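Working notes, beginning with the structure itself.
Source: prediction; values computed, not measured. Note on naming: letters A, B, ... go to the chains in the order of the sequence lines (proteins, then strands), and numbering restarts at 1 for each one.
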Number of protein chains: 2
Amino acid sequence: MGTIYDLAKKTGFSITTVSKALNNYKDVSEKTRAKILQAAAEMDYLPNAHAQSLSTKKSWAIGVMFSEANEVGMKHPFFNGIIESFRHATEEHGYDLIFASRNLRNRDMSYLEHFKHRAVDGIVVICSDRMDEQVQELMQSDIPIVVVDMDSANCSVVYSDNTEGARMAVNYLYELGHRHIAHIAGDSSIDAGAARVKGYELAMHALDLPIQPNHLVNAGFFSVEEGKQAMEKLLQLESPPTAVFVAGDQMAIGAIEAVHEHGLRVPEDISIIGYDDIEMIKYITPKLTTIRQDTDEIGEAAAELLIEQMTAKERRTERRVIPVRLIERASCAPVKK
Amino acid sequence: MGTIYDLAKKTGFSITTVSKALNNYKDVSEKTRAKILQAAAEMDYLPNAHAQSLSTKKSWAIGVMFSEANEVGMKHPFFNGIIESFRHATEEHGYDLIFASRNLRNRDMSYLEHFKHRAVDGIVVICSDRMDEQVQELMQSDIPIVVVDMDSANCSVVYSDNTEGARMAVNYLYELGHRHIAHIAGDSSIDAGAARVKGYELAMHALDLPIQPNHLVNAGFFSVEEGKQAMEKLLQLESPPTAVFVAGDQMAIGAIEAVHEHGLRVPEDISIIGYDDIEMIKYITPKLTTIRQDTDEIGEAAAELLIEQMTAKERRTERRVIPVRLIERASCAPVKK
DNA sequence: CAAATTACCGAAAGCGCTTTCGGGAAGAGG
DNA sequence: CCTCTTCCCGAAAGCGCTTTCGGTAATTTG
């Protein structure tokens with residue numbers, strides 16, 4: 001491959017001139033630039049990124065901290081859509097993504113430390129656990145950062161309009177004639193969970209519908225199993241709801257399972273609406289009606305907010321709320337008389 | 001954060017000694033090492049990875065080339081399990097993963113070029129398209145590499161035992177009494193697709209079952225839609241099969257849809273067995289019986305093969321075939337009399 | 001034609017770290 | 001007491017690149 005020195009020797013110019021030619025400085029004549037570029041092509045020269053970063057203090061790398069909960073990582077059916085879109089968006093600007101290990105040659109260190117070590121230009125955190133110490137540490141650092149699916153006053157964030165989404169879900173069920181609408185909620189320690197609860201409450205209130213305390217059940221951390229258990233609680237009630245808004249698609253899948261196991265049908269006996277619009281719900285029975293979060297747009301927005309900071313080389317804090325939309329499929333029906 | 005120079009100044013030793021203390025050289029006394037380490041902790045010093053790489057010619061980074069087909073990327077339901085496991089395994093050895101863009105400051109370049117530019121220690125390619133030029137280029141380079149889900153004579157590879165898996169599927173259906181077993185296949189340009197066809201043929205032959213030509217249908221590139229279309233062809237036949245082995249779970253989902261749309265039932269009217277065991281098939285109706293590929297083990301094996309090469313700093317070529325296993329669920333039943 | 005620009009190029013320092021090699025001090029051996 | 005090791009430490013070169021600052025040669029200006 002060769003270095004800039006080889007190129008200098010080969011062309012007879014100094015390394016200074018070579019470097020300048022390569023970087024489009026204007027104080028090098030067209031003729032010599034051409035020679036140098038051609039020589040570079042011939043020996044297929046590539047600049048060494050480490051040397052460049054060392055000297056320019058810019059690494060063209062973005063550190064990503066990804067949800068570690070439940071060992072899912074990149075298998076997370078919602079987050080992986082976001083990171084994919086984020087990747088595309090940043091790629092176009094020439095940035096690479098680096099997934100850091102928290103292990104530096106046997107000494108373990110935090111994400112922040114690792115990112116500093118790698119001298120990334122910015123950080124994206126896609127993770128819903130705001131209590132995570134590592135996340136906190138990242139948010140308090142002075143490296144450009146964007147946080148997805150979480151709110152925060154002192155760094156740039158992007159998330160979808162969760163309260164509005166919850167509202168849409170409730171209103172939709174209302175229009176189908178439902179008056180006993182339950183909510184299987186995500187834990188309030190997670191922003192998205194809390195916001196959807198709030199949206200549910202607001203909507204119910206606006207519709208003048210009372211919220212029965214046992215119709216609002218916390219199902220924890222969005223897993224299928226937790227959704228199933230929550231639904232079982234609802235089904236055991238004396239006056240079970242006729243419809244339920246579930247705060248996540250995976251939980252909704254569990255909920256449907258529970259309904260089926262009780263010998264009831266969705267949506268004939270009970271309507272269910274989910275949240276997220278993950279891939280698989282198009283293939284379950286019945287196809288799940290849900291509130292879609294636009295992962296593409298979330299990823300792009302996150303990229304935009306981060307790139308802005310990285311080029312300005314300063315931390316900023318902007319909030320971007322992405323609209324959601326109801327996807328009507330087959331898991332909701334008009335209430336039975 | 002500070003550099004090694006600051007540490008030297010602070011402790012009064014030379015940068016040489018500081019560096020040695022940090023790197024556990026034995027020609028520095030315990031006393032001075034302790035002083036230096038403490039000072040480092042106080043100013044929470046972190047070595048600059050770029051400087052280190054520049055000087056040691058080791059970057060502790062692995063370049064990953066991920067399937068780009070169909071714009072799925074990290075959303076790929078099978079590959080993302082592999083990369084996740086690979087990530088865990090390499091992390092423990094101190095390596096970071098870097099997802100390279102093919103765009104270097106507006107000049108676009110190949111993956112190989114980008115990886116050379118970044119001076120990665122090794123490369124993992126998780127991609128099933130062996131005809132991809134970029135993949136070819138990577139395989140021919142001299143950087144340590146491991147390829148997943150593809151075979152090759154001149155670089156380390158890991159994939160699951162596809163022919164054996166196909167065989168297991170066919171035998172299973174046979175034991176259920178089926179004699180008219182069709183195969184919805186993946187394209188032969190993809191190794192996994194070809195191997196499964198081969199396994200299907202071998203098994204049929206061993207069982208003395210004739211293969212009706214129109215019972216072997218190429219469904220292309222493993223999508224739901226293609227699986228659906230393939231199944232429709234089978235259903236239109238004069239003598240449709242009683243069971244079908246589908247080369248991928250997503251295609252199997254499509255196949256089931258087709259069956260349902262024809263007013264038939266799975267498995268009562270027709271048995272279907274898939275391949276992969278992706279997450280979602282536990283939640284569809286009926287739950288899909290399938291051949292499970294062990295993504296955890298594939299990822300770990302890939303990590304192992306790559307790390308070996310990287311520490312030896314030389315390319316090697318080893319093949320690792322991971323066993324598969326039949327997961328019995330609800331989409332297959334004994335043949336109707 | 002002298003003076004003032006302009007165009008082009010290179011020396012050198014610096015980015016933060018590793019590693020070879022040599023040298024002084026202290027201890028061991030005779 | 002002298003020599004030979006052993007133990008610690010530091011000078012310096014090098015990794016590959018960028019960028020400032022001058023300096024010459026060519027060109028323009030009056």
Side-chain angles (χ1 to χ4, degrees), chain A residues 1-37 39-40 43-61 104-105 107 113 115-121 313, chain B residues 1-37 39-40 43-61 104-105 107 113 115-121 313:
Chain A
M1 257 193 39
T3 75
I4 208 176
Y5 288 93
D6 302 323
L7 218 35
K9 193 177 303 171
K10 177 167 179 171
T11 58
F13 293 98
S14 72
I15 61 160
T16 304
T17 304
V18 171
S19 173
K20 285 180 179 171
L22 260 20
N23 291 293
N24 294 315
Y25 275 60
K26 59 275 168 196
D27 65 342
V28 33
S29 74
E30 267 317 319
K31 214 163 69 179
T32 90
R33 178 198 311 291
K35 276 188 203 162
I36 291 176
L37 289 187
M43 59 188 283
D44 49 31
Y45 165 83
L46 285 173
N48 178 302
H50 298 299
Q52 280 185 159
S53 303
L54 192 55
S55 130
T56 60
K57 263 102 169 47
K58 167 118 190 166
S59 64
W60 293 99
L104 177 62
R105 316 277 300 109
R107 140 165 160 57
E113 287 177 318
F115 289 149
K116 282 189 171 170
H117 164 67
R118 284 278 182 195
V120 300
D121 294 335
K313 292 204 179 229
Chain B
M1 254 196 40
T3 76
I4 210 177
Y5 287 92
D6 302 324
L7 259 183
K9 193 177 301 170
K10 177 166 180 173
T11 59
F13 292 99
S14 73
I15 62 159
T16 304
T17 304
V18 171
S19 173
K20 286 180 178 172
L22 259 20
N23 291 292
N24 293 314
Y25 273 61
K26 58 276 168 197
D27 65 340
V28 33
S29 73
E30 266 318 317
K31 214 163 70 182
T32 88
R33 177 197 313 293
K35 277 189 202 158
I36 290 176
L37 290 188
M43 60 189 282
D44 50 31
Y45 165 82
L46 284 175
N48 178 302
H50 299 299
Q52 280 185 156
S53 302
L54 191 56
S55 133
T56 60
K57 262 100 171 43
K58 166 117 191 166
S59 65
W60 293 98
L104 177 62
R105 317 276 300 104
R107 142 166 159 55
E113 287 177 317
F115 288 148
K116 282 188 171 171
H117 164 68
R118 283 278 183 195
V120 299
D121 296 333
K313 291 203 181 231

For the helix from C:dC1-D:dG30 to C:dG30-D:dC1, figure out the bend between the end axes, five pairs an end, and round to 10 degrees.
40°
Rounded distance (nearest 0.5 Å) linking atom OG of A:S53 with atom CG of A:D121:
7.5 Å
Have a look at B:Y5 and say if it touches a base, only the backbone sugar-phosphate, or nothing, with a 4.0 Å heavy-atom cut-off.
base
Relative to the 5' end of DNA chain D, which residue comes earlier, B:K26 or B:L54, by the nucleotide with the nearest heavy atom?
B:K26
Set of residues satisfying side-chain contact (heavy atoms from CB on, under 4.5 Å) with respect to B:L7, sequence neighbours excluded:
B:V18, B:L22, B:A39, B:A40, B:M43, B:Y45
What side chain to side chain donor-acceptor pair (under 3.5 Å) pairs are there with at least one residue in residues 5-16 of chain A, not counting sequence neighbours?
A:K10-A:E42, A:S14-A:T17
Can you measure from CZ (A:F13) to NZ (A:K20) and round to the nearest 0.5 angstrom?
12.5 Å
First-last contacting nucleotides on DNA chain C - partner chain A, under 4.0 angstrom, heavy atom
C:dC8 to C:dG16
Is the closest basic N to carboxylate O distance between A:E113 and A:K116 below 4.0 Å?
no
Do B:T3 and B:N48 make a side-chain contact, defined as non-hydrogen atoms from C-beta onward lying under 4.5 Å apart?
no
Spell out, as yes or no, whether a donor-acceptor pair under 3.5 Å connects the side chain of B:H50 to the backbone of A:R118.
yes
What contact category does A:T32 fall into here, base, sugar-phosphate, or nothing, at under 4.0 angstrom with non-hydrogen atoms?
sugar-phosphate
Test your reading of the model: is there a side-chain donor-acceptor pair from A:R33 to the backbone of A:K26, 3.5 Å cut-off?
no
What pairs with B:K35 under salt bridge (charged side-chain N to carboxylate O under 4.0 Å, His left out), at least two apart in sequence or on another chain?
none
In short, B:V120 meets B:S59 closest at the heavy-atom pair CA-OG, 3.5 Å
Within the structure shown, what part of the strands sits under 4.0 Å from A:D27 by heavy-atom distance: base, sugar-phosphate, or nothing?
base
Short of 4.0 Å, heavy atom to strand atom, which residues of residues 15-24 of chain A count as contacting DNA chain C?
A:T16, A:T17, A:K20
